[in-house]
**Student:** 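The structure that follows is given in the form of structure tokens.
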Amino acid sequence: MPVYLDNAATSFPKPEVVYRAADEFMRAVGVNAGRGAYKQALEADRIIYETRRNVAKLFNVKDVSRVVFTFNITDSLNLAVKGILNPGDHVITSSMEHNAVWRPLKVLEEERGISITAVHCDVEGNLDPLKVKNALTEKTKLVVLIHASNVTGTVMPIAEVGAIARENNIPFLVDSAQTAGLYPIDVETMNIDLLAFTGHKGLMGPMGTGGLYIREGISIKPLKEGGTGGDSILEHQPDSLPDRYEAGTPNVSGIAGLGRAVKFILDEGVEKIHNKEAALTGYALHKLSGIDGITLYGPKDNINRVGVISLNIMDLNPQKAGHVLDEKYGIMVRAGLHCAPCAHRTIGTIDRGTIRIGLGYFNTQEDIDCLLEAVKDIIKNKDIQ
Amino acid sequence: MFALLLNDINITFMEPCIAEPEKIRLKAEMSDDITDVMPYLNAVIGNAIFNKNAPLITFTKEFRLIVLYPKKLTMAKVVNQTDALQIFDWLKDLINETWDKRDTITPNYEKKHKPTVPQFYGWLPKTNCKECGEANCFAFAAKILQGQQRIENCKPLFTPEYADARETITEVLTAIM
């Protein structure tokens, strides 16, 4: 029986209701939303709205219309970053960011002459909020931070950084790719102005879904323009949300699946999901740290982290080790730089990368035991050296 | 959890507002009859106008105009579909909570609230064309509310451009007169 430990890339399997919702939409409704006044089109609208409402509830967003759907979190981050920063602006971020943040910023550095301060994190990926405060300038127009590292699992001090941004009236954008659905997120208590999320990881929905929460009063230029349904007479993109940022046909079958997925999470409770993952993470960290030949990265305990664990086995190339884990033991992990070279520079693994274990809600202690046995076997037999 | 009076609201028709094409107007059907809650809604909604004989209850939610009938509703000046569905959620909660707390609310069967002259003037075309015989639209609004003018005398209101406003005004007048 294969063991899937790459939930940080995408969660798998999904709750049964998610498959059913996407299938039911395509078979029983199947028509385009917002494009017609017939009942079936209105039903498509209603499905989208219910997903939006579930997402808003999960993140404690009061006004449902402030949740905008995109096709993934990279879309959401590009929309926020490129829609806010203008020539000459300054942005503060961290040295643990994913390329979904880092590359758009580098493009804007070249094209719009923005300046970037990447606040340096320690070797476990921890960020000191004071460093963000000290990096503020008169030109700072955005603070963007990953909520939890996709390399080390380190959780960032979001509420503290959010408070600093709020005091200085600067929009605060959070990349929740590794936390949404798995870790409690409250845009009010955490002072989040812009929350980028993906549907297919911790939210347990289909790929091709994601979104952005935009706090009222924050102005973002749309990344694209086009049809939005009922207001066709207007020559320009409408001002009202969510339509302003949702040009073109949405991924309604995906959104239908996402709606049920988030409902599943709301029914289970984020706290319960988080506790289960924290217990598995604690178990894995404890057992792995007892094996000679394993190097673990990131926080040593499960207190301030999510279920993303990076490691290396002796001096083995992680790509090769990952391949053997799959081929010989049927264990699926991610290996390499995980689209986050900044983070690897921070933790000292840029030349090599790591093996990454991504735990999910449906993983069990037995899955981790399989990994432990396989790793011990590799170390003992030195199969791939 | 209390027993719900109203379970669902579904849009049956939707089109852009004529005067403000970036907004929409819509009709919707309600899954359950809300006649019994209307006097209680009339008591709790600040700007409600209730006609127990029709029966209907009309009020504004910010800039949106809402008319509730026993098993259907109309809304005008809605921002978009998301806005409409969000207002439906608000409305369902309001109706169900009001019904749940009806023992603590004194029902009001009166036409409690009559629009003010400036409010009514706001719904008119405001062309000051004088075709109605009045000096201006404000004067016309005052006369209407005093029952000394007929809405049919407002000629611009009966052109296609003002169809939305005409519908709202007709409903309000049905409720208060």
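Lettering follows sequence order; numbering is per chain, from 1.
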**Student:** Hey, is NZ on Lys57(A) packed in by over 12 heavy atoms from elsewhere, all under 6.0 Å?
**Tutor:**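 Result for NZ/Lys57(A): open.
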**Student:** Using heavy-atom distances under 4.5 Å, tell me whether Asp239(A) contacts chain B through its side chain, its backbone, both, or neither.
**Tutor:**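 Asp239(A) has no heavy atom closer than 4.5 Å to chain B.
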**Student:** State whether the number of non-hydrogen atoms from other residues, nucleotides or ligands found under 6.0 Å of Lys101(B) atom NZ is greater than 12.
**Tutor:**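 Counting neighbours around NZ of Lys101(B), 12 or fewer heavy atoms of other residues, nucleotides or ligands fall under 6.0 Å, so no.
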**Student:** Answer with side chain, backbone, both or neither: which region of Pro238(A) has an atom nearer than 4.5 Å to a non-hydrogen atom of chain B?
**Tutor:**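 Pro238(A) has no heavy atom closer than 4.5 Å to chain B.
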**Student:** For atom CD of Glu216(A), is the number of surrounding heavy atoms from other residues, nucleotides or ligands below 6.0 Å larger than 12?
**Tutor:**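 Check fails, neighbour count at 12 or below.
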**Student:** Restricting to non-hydrogen atoms, name the atom on Tyr49(A) and the atom on Thr82(B) that form the minimum distance, rounded to 0.1 Å.
**Tutor:**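 Result for this residue pair: CE1-O, 3.7 Å.
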**Student:** Tell me, yes or no, whether the heavy-atom count around Lys52(B) atom NZ, taken from other residues, nucleotides or ligands under 6.0 Å, exceeds 12.
**Tutor:**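 For Lys52(B), atom NZ is not crowded (no more than 12 foreign heavy atoms under 6.0 Å).
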**Student:** Between Ser240(A) and Val79(B), which heavy-atom pair has the shortest distance, and what is it?
**Tutor:**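 In this case the closest contact between Ser240(A) and Val79(B) is CB-CG1, 3.1 Å.
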**Student:** What pair of heavy atoms forms the shortest contact from Val64(A) to Gln86(B), and how long is it?
**Tutor:**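 Distance-wise, the nearest heavy atoms are N-OE1, 2.5 Å.
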**Student:** Given that the side chain runs from C-beta out, which part of Ile48(A) has a heavy atom under 4.5 Å from chain B: side chain, backbone, both or neither?
**Tutor:**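 Nothing of Ile48(A), per the 4.5 Å heavy-atom cut-off to chain B.
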**Student:** I need the Ser65(A) OG to Leu85(B) CG distance, nearest 0.5 Å.
**Tutor:**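 Rounded to the nearest 0.5 Å, the OG-CG separation comes out at 11.5 Å.
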**Student:** Asn80(B) and Leu241(A): which non-hydrogen atoms are nearest, and at how many Å?
**Tutor:**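 Here Asn80(B) and Leu241(A) meet closest at ND2-O, 3.0 Å.
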**Student:** Are more than 12 heavy atoms, taken from residues, nucleotides or ligands other than Lys23(B), located less than 6.0 Å from that residue's NZ atom?
**Tutor:**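 Counting other residues, nucleotides and ligands, NZ of Lys23(B) exceeds 12 neighbours.
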**Student:** Would you find more than 12 non-hydrogen atoms of other residues, nucleotides or ligands less than 6.0 Å from Lys141(A) atom NZ?
**Tutor:**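 Yes - once you tally the heavy atoms of other residues, nucleotides and ligands closer than 6.0 Å, there are more than 12.
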**Student:** Please examine the side chains of Arg46(A) and Asn10(B), heavy atoms only from C-beta on, and report whether any two atoms are closer than 4.5 Å.
**Tutor:**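 Yes - at least one pair of side-chain heavy atoms lies under 4.5 Å apart.
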